[in-house]
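Beneath this line is the structure, given in structure tokens, with notes to follow.
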Amino acid sequence: MKAAAIEHFFATLQAANPHPETELQFTNVFELLAAVLLSAQATDVSVNKATRALFARAPTPEKMLALGVGQVEQHIKTIGLFRTKAKNLVATCQILVEQHGGRVPNTREALEALPGVGRKTANVVLNVAFGEPTMAVDTHIFRVGNRTGLAPGKNVVEVEQQLLKRIPKAYMVDAHHWLILHGRYICQARQPRCAACQVSAWCDFKPKTSTI
DNA sequence: ATCCCGAGGG
DNA sequence: CCCTCTGGAT
């Protein structure tokens with residue numbers, strides 16, 4: 001996709017949704033970190049359903065730590081990968097309490113040192129909590145980047161670098177959410193809704209079968 | 001490359 | 001039934 005097309009692409013998404021936000025529910029930075037950690041290979045709807053009760057009980061790393069792996073497992077049992085996530089979340093809370101004064105660190109290095117927190121999760125926290133123009137490449141952004149021609153890279157790191165390089169800086173912070181929401185509701189994995197897409201004019205993707 | 005792992009949709 | 005969902009650790 002050429003520079004002029006990229007400008008049109010994001011200007012259109014911006015006009016349709018001037019202030020995009022994550023659909024994960026949270027009331028503080030710790031809850032944001034926990035929600036993103038829990039969201040791996042799970043829908044936001046599924047995560048929100050479980051975190052409502054979990055965060056009511058444990059809105060801080062200290063309280064989450066006190067809850068323990070067993071109780072956390074019971075709260076998030078309806079989310080996939082629940083054993084791994086409960087173990088990682090509690091272990092992360094222990095590090096937050098012991099090494100960061102119970103606060104969520106604001107550097108990539110410290111975030112990625114937390115169990116269950118990788119590049120993508122760190123990028124989301126840096127973007128949403130600290131306003132940094134990072135690009136967290138999840139399943140939606142990878143797919144949308146590839147299909148549109150915005151970022152044809154073969155892996156998430158390549159796609160991240162391409163997006164950071166090609167998206168105009170003024171759009172970067174919000175681009176993360178625009179691309180996710182576009183992937184979730186329009187450029188869907190199974191059945192892309194090209195007929196309803198507002199940015200198809202600048203997209204390289206041509207579906208083989210007719211889409212609704 | 002493989003494992004983890006429930007819920008929802010087609 | 002099969003595929004997908006804001007991945008990370010081994």
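Proteins come first, then strands; the chains are lettered A, B, ... in the order of their sequence lines, and each starts at number 1. Model, not experiment: these values are computed from the prediction.
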Checklist entry - Under 4.0 angstrom, heavy atoms only, what part of the nucleic acid is A:V45 near: base, sugar-phosphate, or nothing? => result nothing
Item to check | Spacing of A:E23 atom CD relative to C:dC5 atom P, expressed in whole Å | outcome: 14 Å
Next on the checklist: Can you measure A:E112 atom CD to C:dG8 atom P for me and round it to whole angstrom units?
Outcome noted: 8 Å
Checklist entry - Across the strands shown, which category fits A:A189 at heavy-atom distances under 4.0 angstrom: base, sugar-phosphate, nothing? => result sugar-phosphate
Next on the checklist: Students often get this wrong, so: under 4.0 angstrom with heavy atoms, is A:R184 touching a base, only sugar-phosphate, or nothing?
Outcome noted: base
Next on the checklist: For a quick check of understanding: with a heavy-atom distance under 4.0 Å over all strands, which category does A:T121 fall into, base, sugar-phosphate or nothing?
Outcome noted: sugar-phosphate
Checklist entry - Using a heavy-atom cut-off of 4.0 Å to chain A, what are the terminal contacting nucleotides of DNA chain B, in 5' to 3' order? => result B:dC4 to B:dG9
Item to check | Any pair counted as salt bridge (Lys or Arg N to Asp or Glu O under 4.0 Å), so long as it reaches residues 57-74 of chain A, sequence neighbours left out | outcome: none
Checklist entry - If you look at every strand shown and take non-hydrogen atoms under 4.0 Å, does A:V124 touch a base, only sugar-phosphate, or nothing? => result base
Checklist entry - Given atom CD1 of A:I79 and atom P of C:dG7, what is their separation to the nearest angstrom? => result 12 Å
Checklist entry - Which part of the nucleic acid does A:K85 contact within heavy-atom distance under 4.0 Å: base, sugar-phosphate only, or nothing? => result nothing
Checklist entry - Do A:K120 and A:E160 meet the salt-bridge criterion of a basic N to acidic O distance under 4.0 Å? => result no
Next on the checklist: Under 4.0 Å, counting only non-hydrogen atoms across every strand here, what does A:Q188 touch: a base, just sugar-phosphate, or nothing?
Outcome noted: nothing
Next on the checklist: So A:G118, base contact, sugar-phosphate only, or nothing? Heavy-atom distance under 4.0 Å.
Outcome noted: sugar-phosphate
Next on the checklist: Classify A:L181 by what it touches in the nucleic acid, base, sugar-phosphate, or nothing, heavy-atom distance under 4.0 Å.
Outcome noted: nothing
Next on the checklist: Taking any heavy-atom pair under 4.0 Å as a contact, classify A:T78: base, sugar-phosphate, or nothing.
Outcome noted: sugar-phosphate
Checklist entry - Other than A:I180, which residues form its hydrophobic cluster under the rule that side-chain heavy atoms must be closer than 4.5 Å? => result A:M1, A:I6, A:F9, A:F10, A:L13, A:M135, A:V137, A:I141, A:F142, A:V144, A:L150, A:V156, A:V157, A:V159, A:L163, A:L164, A:I167, A:Y171, A:M172, A:W178, A:L179, A:V199, A:W202
